[in-house]
Amino acid sequence: MDTSQQTLNKYQRIYQVVCLIPPGQVATYGDIARFANLPRHARLVGYALHALPENSDVPWQRVINHQGRISLGRLYPEGEQRQRAALEAEGVVFGENGRVNLKRYRWQPDPFLLDAFFNPPHPGPEQST
DNA sequence: CCGTTGACGTAAT
DNA sequence: AATTACGCCAACG
């Protein structure tokens, strides 16, 4: 078995969960890790998102840290502005301190939806239109 | 192979 | 509320 395949599987699972975040809402890295059945792997979520290509459809912008702040700015200040602009375009409002009110915008997925997502009755959960 | 780093989180101080 | 310490684990040199 190829361990890199396992890693890809983890990344893919992370990406899938991120894709479930509705526009105008946000999730923390820890949330994504938890929903992806990878508890305490928040850093892995960050690493996975870092590895995303530019043309990806994954709404990586909706993932912020537990303080309600944009973590991307630590390394890429331009990326922070980009992420903030994208979120504001979805209706997410930033406070004076540059933070998002997680009480209001934090995504709370339906447990049944997640269960159905990880245990699809039929292969291809994204097949339907 | 080992030490450091990193789009993090939680708890303690 | 801000800082420190620690845990976590893949990627990098």
Side-chain angles (χ1 to χ4, degrees):
Chain A
M1 301 298 273
D2 192 351
T3 53
S4 58
Q5 283 289 36
Q6 297 291 338
T7 299
L8 287 178
N9 189 15
K10 289 180 183 177
Y11 277 34
Q12 291 303 321
R13 204 150 70 242
I14 289 170
Y15 297 151
Q16 297 283 2
V17 174
V18 173
C19 286
L20 295 179
I21 308 175
Q25 293 193 271
V26 298
T28 70
Y29 296 90
D31 286 341
I32 300 303
R34 180 152 33 90
F35 300 148
N37 228 330
L38 299 166
R40 293 320 182 273
H41 288 188
R43 311 191 76 148
L44 272 294
V45 175
Y47 222 100
L49 295 185
H50 183 212
L52 275 175
E54 289 289 334
N55 57 356
S56 174
D57 293 331
V58 178
W60 56 268
Q61 42 203 52
R62 294 170 197 156
V63 184
I64 59 180
N65 63 27
H66 196 266
Q67 299 180 347
R69 294 192 156 204
I70 294 176
S71 296
L72 186 55
R74 189 178 64 184
L75 270 79
Y76 308 102
E78 292 183 352
E80 176 176 8
Q81 296 181 14
R82 181 171 124 218
Q83 181 173 7
R84 172 166 178 163
L87 285 177
E88 288 177 335
E90 295 180 354
V92 177
V93 178
F94 284 74
E96 299 290 338
N97 47 14
R99 300 198 305 187
V100 172
N101 187 343
L102 286 178
K103 290 286 187 181
R104 178 169 177 175
Y105 296 102
R106 196 178 201 175
W107 175 49
Q108 295 174 352
D110 190 320
F112 289 106
L113 178 68
L114 285 180
D115 181 70
F117 179 75
F118 286 113
N119 305 301
H122 301 96
E126 304 189 39
Q127 194 70 21
S128 61
T129 48

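Residue numbers start from 1 in every chain, and the chains themselves are labelled A, B, ... in the order their sequence lines are given, proteins ahead of strands.
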Checklist outcome for this item: Correct closest heavy-atom pair for A/Q61 and A/Q83 would be O-NE2, 2.9 Å
Checklist entry - How are the rings of A/F35 and A/W107 set to each other: parallel, tilted or perpendicular (split at 30° and 60°)? => result perpendicular
Checklist outcome for this item: Contact string for nucleotides 7-13 of chain C, one letter per nucleotide 5' to 3', B = base within protein heavy-atom range under 4.0 Å, S = sugar-phosphate only, - = neither, reads BBSSSS-
Checklist entry - Given the rule in the side-chain contact (heavy atoms from CB on, under 4.5 Å) test, do A/V45 and A/V17 qualify, once you have shown the distances and angles that lead to the verdict? => result CA-CA 10 Å; A/V45 175; A/V17 174; over 6 Å; no
Checklist outcome for this item: Separation of B/dG9 atom P from A/F35 atom CZ, nearest Å, is 12 Å
Item to check | Separation of atom CD1 in A/I14 from atom P in B/dC8, rounded to whole Å | outcome: 13 Å
Item to check | Rounded distance in Å - CG (A/L49) to P (B/dC8) | outcome: 10 Å
Item to check | Separation of C/dT4 C1' from A/Q67 CD (nearest whole Å) | outcome: 13 Å
Checklist entry - To the nearest angstrom, how far is A/R34 atom CZ from B/dC8 atom P? => result 17 Å
Item to check | Rounded interatomic separation in angstrom, taking CG from A/N65 and C1' from B/dT10 | outcome: 13 Å
Checklist entry - Contact class for A/H50 (heavy atom, under 4.0 Å): base, sugar-phosphate, or nothing? => result base
Checklist outcome for this item: Whole-Å distance, A/E80 CD to B/dG6 P, equals 16 Å
Next on the checklist: Are more than 12 heavy atoms, taken from residues, nucleotides or ligands other than A/R69, located less than 6.0 Å from that residue's CZ atom?
Outcome noted: yes
Checklist entry - So if you build clusters from Ile, Leu, Val, Met, Phe, Trp, Tyr with side-chain heavy-atom gaps below 4.5 Å, do A/L44 and A/I21 land together? => result no
Checklist entry - Tell me, do A/N101 and A/V93 make a side-chain contact under 4.5 Å, heavy atoms counted? => result no
Checklist outcome for this item: To the nearest angstrom, the CD-C1' distance between A/E96 and C/dA1 comes to 18 Å
